[in-house]
Structure formats: structure tokens, C-alpha cells
Amino acid sequence: MIDSMVLWLGLFTLIYMALALFWARQSAVANHDVETWFSAGHSIAPWMGALVGAGASVSVWFLLGTADAVARWGFSSVAALQAGVLLAIPGMLFYKRAWFVAQRFRVSSQIELLRLYYGSEFLAVSCAVIALLFAVAFAGMQLRLLSDLLSAMTAGALSPLFCGALLTLILFAYVVIGGLRAVAYLGMLQTVALVSATLTLGGVILANVGDPLLLMDALAASAGERGAQWFSVAGVVQFVPGFGRGAFLEHPGSAAMILSASMAVLGVACSPVLFKILLSSRSATGVAAGQTWVLAGFFGALIITLGGLLGAFGLLRGEEASATLADLLSATSPWFSVWIVFGLVAGMQLFAGLALLVAAETVVRHLYKPWFHSELSRRATVNLTRIVVVILAVVSLLMAFLTPVALSALGAMALPLSAQLMGPLVGLLWFRWITPPAAVVGFGFGIAAVFLTDAAGIYILSYLGLELPWGRYPWTIHAAGWGLFCNVVAIMVISAVSRHRGRRANAEEIRAFIARHFAARTPPWLNSLAWSIVLAWAFLAVGPGTIFGNVAFVDATGAWVLSVPSLWAWSVLFWLLGLVLVWFLGYRMAMASPEQPAIEPRAEIPSLRHDRVSAEAERLRRLIIAAVAAIGVILLVIWSFGG
Amino acid sequence: MTNPVIERSVLVFSTWTALGMLSLALFLQGLEANQYGTALAGILLVIAAFVAHMVINALYRTGYTAGETALGLAAFGVVALLVVIGFATGRLDERDFLACLSLVAVLVVGFLSYLVTRYGLRGAYSTFHHKPEGSTDVDAGGDAR
């Protein structure tokens with residue numbers, strides 16, 4: 001059986017490598033050498049952008065991650081179950097507007113948009129850090145998970161490190177050769193492979209479980225005293241110090257945890273990674289369909305049904321979803337097992353490839369080049385970015401196998417940090433009253449709050465000798481919730497005191513452009529109704545109202561009315577309502593409706609070019625001195641207080 | 001800057017990746033477990049992939065490329081060869097043979113229906129029938145008129 005598995009694995013690996021290299025070559029030819037390596041000349045078809053964007057949003061994380069959350073915490077993992085709708089909401093709010101502004105101002109990444117409007121280098125560096133966390137840590141976590149799975153399928157004949165190295169080699173090969181075009185073209189194949197393999201996995205689960213209702217009966221029978229943990233939300237909020245600093249009441253899955261964890265999920269859609277594929281599309285006409293039907297609809301259905309089912313299976317067996325999955329695959333025919341694993345690998349590489357490209361581009365094109373080497377040619381910029389892609393991929397691989405705990409802590413922090421970008425994005429694309437200083441300072445407060453309440457930040461501070469009195473997620477509020485709370489408070493206060501300050505010329509021009517293209521076309525009562533519906537949905541689907549889900553579908557005897565846990569049925573109901581909500585926002589409120597107005601790119605304003613070589617050399621010298629001093633101070637602090 | 005040829009290729013590859021791989025897995029499962037229904041499900045997916053391919057061709061107003069035709073014929077040849085070898089060596093029982101026969105039949109019917117829908121009855125015949133030297137255009141078939 002194992003020999004047969006290795007044979008099929010080898011065959012599929014060869015096919016996958018051939019496909020990856022074929023599309024990398026096709027892309028390199030279409031790129032005309034290096035001219036359109038970064039953004040494919042903004043020529044990605046809108047339907048392709050929509051599908052690849054949806055696939056990358058979900059990647060493998062929200063399918064296996066949801067199953068793992070349910071297997072670990074029970075059905076109070078509502079934020080993960082609602083991921084389809086949650087991932088689509090920021091897309092509805094931001095993507096169409098962002099694409100229009102980017103088209104007008106000839107920019108191709110989120111960091112350029114934010115820099116254009118806010119003129120803040122702090123924001124630019126923070127975006128780069130977030131992109132790096134996604135590329136190295138978030139993608140690295142998925143790489144490790146799948147490497148372990150591949151190794152387990154061969155009963156250890158192939159080591160996890162070998163599998164991880166092979167996957168990394170394929171990954172950076174096609175990214176380096178074909179750039180964003182290869183990521184998009186191959187991403188399309190990877191998306192459909194992910195979908196096909198996930199549906200196959202559903203079939204395998206059903207074949208193993210038999211009647212899903214019997215699984216639910218077994219779940220109900222074996223729950224016993226753990227029923228409260230498995231099937232209910234544990235109150236609205238718990239005023240406890242957090243993970244690692246004391247016990248929770250029943251379990252940590254309070255309504256506050258669900259709401260704040262939902263904010264972390266929003267972070268994926270706000271990340272520089274997802275914006276890249278959007279801004280490389282030739283029009284924004286695919287946004288509504290991609291976010292509504294593909295992401296919230298199709299992927300949402302997969303997440304809430306298959307994720308829930310696989311999680312329930314793991315819950316019953318008392319093991320993590322990945323272990324359950326490995327067992328299921330080992331009991332299945334090799335061609336099915338290998339196809340499922342390669343679908344998951346494709347999902348992982350879809351996100352990882354995009355994240356690597358965005359992180360490397362951010363570091364080289366948006367930080368290194370403007371600060372230290374403005375004379376860098378196009379070819380040299382692309383080649384340097386290629387080198388950074390390889391370095392980041394190797395770092396991710398090494399961290400996945402040498403420091404997996406640190407990697408998962410950093411990966412977990414990527415989501416809440418990225419969620420803090422909502423403040424600057426809302427300020428840029430929606431509300432004029434949010435002043436640039438308020439958005440930037442609010443973002444700073446947000447990331448500071450995330451750092452102080454998430455595992456990675458707490459660990460780093462502890463290593464420096466500062467023991468915080470709280471643990472991870474104090475008061476059962478996820479770091480994303482703490483960050484956004486501080487972010488919003490700071491934005492409101494600073495906007496109030498800085499509302500009379502003038503704005504940069506670019507910011508005024510963007511505001512005028514948005515006002516011209518997105519003037520309200522719906523009556524005021526409909527706007528009020530829309531936002532009321534959004535709030536009502538958030539309250540009941542992922543907010544304090546989830547408490548009602550504990551008993552909504554339970555009869556007087558305590559039995560499940562719909563034969564499945566009440567909270568799961570509640571989640572499915574609100575996923576369906578969430579789908580309607582996303583459609584309503586996208587199409588009826590025209591937030592993402594397909595339109596193709598003629599947007600004239602702004603003409604370049606000619607300006608004199610100064611010789612910046614000496615200034616850049618001086619800046620580099622100062623950076624090196626500052627870095628050396630900072631490292632010295634950190635080492636001194638560790639030597640004195642921590643370690 | 002749009003490139004419809006590449007976009008069509010991406011769609012074709014995606015279709016065959018999603019449906020083709022699944023159909024292969026189902027067909028093999030059908031043979032392995034002696035379940036004609038499972039093998040038939042795999043065959044139906046091959047038909048679905050063909051139909052999707054033709055829809056894509058219609059959307060982009062084109063036919064199969066030379067590479068696709070060559071790959072399709074080669075795959076057909078390999079399948080047919082494997083069936084013959086399997087049957088000759090006695091590794092296929094009656095139910096397996098039925099499944100393989102169904103697959104080959106579907107491939108043949110699919111190929112012929114493609115030719116007929118693409119070129120018309122007489123045109124399809126003319127695709128293979130080479131007119132002798134010195135014959136008139138009328139002999140060449142419907143397309144020439």
C-alpha cells in the first residue's frame with residue numbers, strides 16, 4: 001500500500017512540477033522578459049482575478065483550520081465557520097474603490113496606495129512587515145502541516161523536511177521565473193484543484209462516516225459533560241487574564257472571542273497579499289461575483305459543511321483534524337489520497353506564491369529602491385526581487401522545521417496585524433473625516449495593542465524581561481479585537497483634534513476622485529437600512545447574539561431539533577443570511593457591482609531629477625548605525641533582565 | 001494587453017485539472033473495487049470535461065489546438081492500449097472490461113461528435129479523405145463548394 005502511495009505521489013509530483021514549469025515559461029514569454037513581472041501589466045482577466053483571489057483567501061487554511069478549530073474547541077468556533085462571509089465583506093467594502101483609485105493613479109499595490117494618500121513611511125514599513133509575516137510565517141505554517149501530512153502518507157518513507165524542501169523548490173521556481181503572471185495563471189489551476197480535491201475529501205469523509213446523522217448521534221452520545229464545551233458559546237465575555245495566565249469559565253469560546261476572532265479573519269482580505277491580485281486585474285468587474293458567489297457562496301459552503309463535518313469527526317475521535325485527515329487518507333485508495341493532498345498543496349502554494357511575491361516586491365521595490373537605490377534599473381529590481389523571493393522561501397522552510405512554535409506564533413499574529421489596516425483603508429476609501437494623522441496613529445496604536453495581547457508579542461517581551469500581568473487574548477478577546485478597539489478610539493480622538501489640518505495634494509485629489517465616482521446612488525433610507533442589516537447580522541452571526549445559537553434549535557428535552565448541534569445549525573442559517581447580505585452590499589448597494597467607466601490614468605507631472613546618490617548613501621549609513629545600536633540595546637536588555 | 005489565447009489555455013487546463021483528475025481517480029476506483037457505477041461516474045466526468053472544453057472553444061470562437069488534438073489522440077491510444085494489455089494478460093475481469101469498453105466507446109463517440117459538430121457530416125469525412133491528384137473540387141466534399 002505504501003509503495004503504491006509513493007508511486008502515485010511521485011507521479012502527481014511530476015505532473016504538478018511539469019504544470020508549474022509550463023505555466024512559468026508561458027508567463028515569462030508573455031512578460032516580455034522582465035517588463036511586466038511585478039503586475040502582469042495589469043492584464044489579469046477579471047474572472048481569473050476573482051477566482052484566484054477567492055482561492056488565495058481561503059487557501060488551505062480556512063478549510064483545515066476550521067476543521068481543526070472545531071476538533072479542538074467544538075462548535076463555538078463560529079468565526080472560523082463563518083469565514084466564507086467574513087472574508088468577502090472587506091472585499092465588498094474596499095476592492096472596487098481601491099481598483100478605481102489605483103487605475104487612476106497608476107499604482108499596483110496596497111502599499112503604494114497608502115503611501116500616495118497618507119505619505120507615511122511608518123505605514124509603508126508596517127505593511128512590509130505584515131506582508132513578510134504572511135509570506136514567511138502564515139505560509140510556513142501551512143507548508144509544515146502539509147509536509148507532515150505527505151510524510152505520514154508514506155509512513156515516513158519520505159521525511160517531512162524532504163517534502164517541505166521539494167514543495168518550496170517548486171514554489172519559488174515558478175514565482176521567480178514567471179512573476180505575478182505565473183502566480184495568477186497557475187493560481188487558477190490551483191484554485192480549481194483545491195475545490196476539486198476538497199469535494200473529493202467530502203466524498204471520502206462521507207464514505208468513511210456513512211450517514212452524517214449517525215455521526216451526530218455518536219457525537220451527542222459521547223459528549224457527556226463536555227457537551228457544554230462542544231456545543232455552546234461560553235457567555236458573552238469572561239473577565240479572565242487569558243491563555244497561559246489562569247483558567248477559563250467552561251472554555252474560552254465566549255461571544256467576545258467569536259466577535260474579535262472574526263475581526264482577525266477580516267485581516268486576510270485587508271492584507272497587501274490579496275490587494276495585489278486585485279490591482280493586477282484589468283478591470284474590477286469580477287469583484288462582485290468573486291466575493292459573492294465564489295468566496296461567500298461556494299467556499300463558504302465548503303468551509304461550514306466540510307470543515308464542520310471533519311471537525312466533528314476529530315471531536316469524536318479526540319484528536320486534531322490533521323491527524324483525523326491523515327487517518328482518513330491512509331484508509332483511502334492511493335489515487336484519491338494523493339489527489340486530495342495535491343489539491344491542498346495547490347491551495348497552500350496559491351497563497352504562499354502570492355505572499356512571497358508581494359513581500360519581496362514590498363521590500364525591494366517599495367522600501368529598498370526609493371530609500372537607498374533609486375537608480376536601480378528595471379531588470380536589476382526584478383532580479384533583486386527574485387533573490388529575495390528565494391531567501392524568504394528558504395527562511396520560511398527553515399523556520400517551519402527548526403522553530404515551528406515561533407513560526408506559528410508569528411503566523412497567528414499576521415491576521416490581527418493585517419486587520420489593523422482597516423483603519424487606513426476606511427480613511428482612504430470611505431470617510432473623509434478620518435484625517436491622515438488619525439489613521440496613521442490609530443494604526444500604530446492598533447499594532448501596539450496586538451503586540452501586547454498576542455502570543456508572539458508577549459513571548460518577546462517576556463524574553464526581554466518584561467512579564468505582562470495578562471496572557472494571550474485577555475478577557476477572552478482576540479488580539480485583533482484589542483487592536484481594532486485601540487485603533488478606532490485613537491482615530492476618533494485624533495480626527496476630532498486634527499480635522500482642520502490641511503491634506504497633501506494627492507490626498508485631496510483622491511478624495512475628489514472618489515466623490516466623483518462613488519457619489520451615493522441609493523436613497524438615504526436604503527443606506528441606513530443596509531448598515532442596520534450589517535450590524536444586525538454581525539450581532540447575531542458572530543457577535544453576542546451567538547448566545548441564542550446555544551438553544552435556538554434545541555427542544556424542551558434538550559435534543560437537537562435538526563439532528564445537528566444547535567450552534568452549527570445557527571451558523572449555517574447565518575451563513576445563508578450572510579450570503580444574502582454580501583449580495584445585497586455588492587450588487588444592490590453597488591459597492592462591488594460590475595462597472596467599467598473610462599478611467600483616464602493621471603498624467604505624470606514632469607519634475608527635475610536630483611542626484612540622490614549621496615543622500616541615499618548617508619541614509620543607508622544611518623540605518624546601519626541605528627540597527628547596530630538597536631541590536632546592542634536589545635542584547636543589553638536581554639543580558640540584564642531577560643533571557 | 002489582454003491575451004485571449006493564454007486565458008483560453010488556462011481555462012482548458014483548469015477544466016481538465018479539476019474534472020480529469022477526479023474522473024481518473026473515480027475510474028480507477030471503479031476498476032479496483034469492481035464497481036461499474038463508480039467507473040461510470042468517472043466516465044461521465046470525462047464527458048463533462050469534453051463538454052466544458054467545447055463550451056470554452058465556443059466562447060473564444062476557436063477549435064482544438066494542434067497540441068490538444070495530439071495530446072487527446074495520444075491519451076486515447078494509451079487508454080486503448082492499456083485496455084488491450086489488461087484484457088490480454090487477464091488482469092481485467094468482465095466488469096472491468098465493461099467499464100473500459102464504456103470509456104473507449106465514449107471517447108470514440110466524443111471524437112466523432114466533435115468532428116460532426118465542427119465540420120458537418122461531409123466535412124468530417126473530408127478531414128480524413130484526401131482527394132486524389134487531378135480530381136475536381138466537387139469531389140472534395142461540402143466545404144469546397
Side-chain angles (χ1 to χ4, degrees), chain A residues 4 8 11-12 15-16 18-19 22-23 26-27 29-32 35-36 39-49 51-52 55 181-182 184-200 203-204 207 280-283 332-340 342-343 346, chain B residues 1-35 37-46 48-49 51-53 55-56 59-62 65 67-68 70-71 74-75 78-79 82 91 96 99 103:
Chain A
S4 166
W8 279 94
L11 182 68
F12 270 66
I15 293 173
Y16 187 71
L19 277 175
F22 172 78
W23 282 108
Q26 293 285 90
S27 306
V29 171
N31 279 341
H32 305 295
E35 280 311 305
T36 58
S39 304
H42 300 261
S43 66
I44 300 298
W47 54 265
M48 202 185 293
L51 282 168
V52 174
R181 204 184 291 271
Y185 291 166
L186 196 62
M188 182 67 198
L189 268 69
Q190 288 164 332
T191 302
V192 295
L194 175 67
V195 169
S196 173
T198 311
L199 290 174
T200 310
V204 168
S280 301
S281 300
R282 64 172 174 259
S283 90
T332 309
S333 306
W335 38 84
F336 277 124
S337 307
V338 172
W339 175 232
I340 290 168
F342 265 87
Chain B
M1 209 58 182
T2 60
N3 194 335
V5 176
I6 286 193
E7 285 170 13
R8 176 193 166 279
S9 297
V10 172
L11 267 179
V12 169
F13 266 77
S14 303
T15 304
W16 281 104
T17 302
L19 297 176
M21 289 295 186
L22 200 53
S23 73
L24 175 69
L26 280 170
F27 188 74
L28 289 175
Q29 183 68 22
L31 294 187
E32 174 85 4
N34 247 344
Q35 296 167 338
T38 310
L40 200 60
I43 294 169
L44 287 177
L45 278 181
V46 173
V51 171
H53 197 152
V55 169
I56 293 166
L59 284 175
Y60 284 88
R61 296 173 194 280
T62 180
T65 63
E68 286 165 6
L71 190 64
V78 169
V79 167
L82 286 177
R91 294 188 65 179
D96 293 338
L103 177 65

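A note on names: the letters A, B, ... follow the listed sequences, proteins ahead of strands, and every chain is numbered from 1.
In this structure, chain B has heavy atoms under 4.5 Å from both the backbone and the side chain of A:M188. The part of A:L19 that comes within reach of chain B is its side chain, from C-beta onward, which places non-hydrogen atoms under 4.5 angstrom from that chain. Proximity to chain B (any heavy atom under 4.5 Å) is shown, for A:L199, by neither the backbone nor the side chain. With a threshold of 4.5 angstrom between heavy atoms, B:L26 approaches chain A through its backbone and through its side chain. Contacts of B:T15 with chain A are absent, with no heavy-atom separation under 4.5 Å from either backbone or side chain. For B:E32, the part lying near chain A is the side chain, with the backbone staying farther off; criterion is any non-hydrogen pair under 4.5 Å.
Taking CD1 from B:I6 and CH2 from A:W23, the interatomic distance works out to 6.5 Å, rounded to the nearest 0.5 Å. Note that the CG atom of B:L28 and the CH2 atom of A:W8 stand 4.5 Å from one another [nearest 0.5 Å]. In this structure, CG on B:L22 lies 13.5 Å from CH2 on A:W335, to the nearest 0.5 angstrom.
For A:S196 against B:A18, the heavy-atom pair with the smallest separation is OG-O, 3.0 Å. Smallest separation of non-hydrogen atoms from A:S43 and B:E7: O-OE2, 4.0 Å. Taking each heavy atom of A:L189 and B:S14 in turn, the nearest pair found is CD1-OG, 3.6 Å.
Ring orientation note: the planes of B:F13 and A:F22 are close to parallel, at an angle under 30° on the 30°/60° scale.
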**OP:** In sequence, state the C-alpha distance, the side-chain angles, and the governing distance for A:F342 and B:M21, and then conclude on side-chain contact (heavy atoms from CB on, under 4.5 Å).
**Re:** CA-CA 11 Å; A:F342 265 87; B:M21 289 295 186; over 6 Å; no

**OP:** List the steps and the verdict of side-chain contact (heavy atoms from CB on, under 4.5 Å) for B:L11 and A:W47.
**Re:** CA-CA 11 Å; B:L11 267 179; A:W47 54 265; 3.5 Å; yes

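Partners of B:L82 under the side chain to side chain contact (heavy atoms under 4.5 Å, CB included) rule, at least two apart in sequence or in another chain, are B:V78. Under the side chain to side chain contact (heavy atoms under 4.5 Å, CB included) criterion, A:S27 pairs with A:R181, A:A182, A:Y185, sequence neighbours left out.
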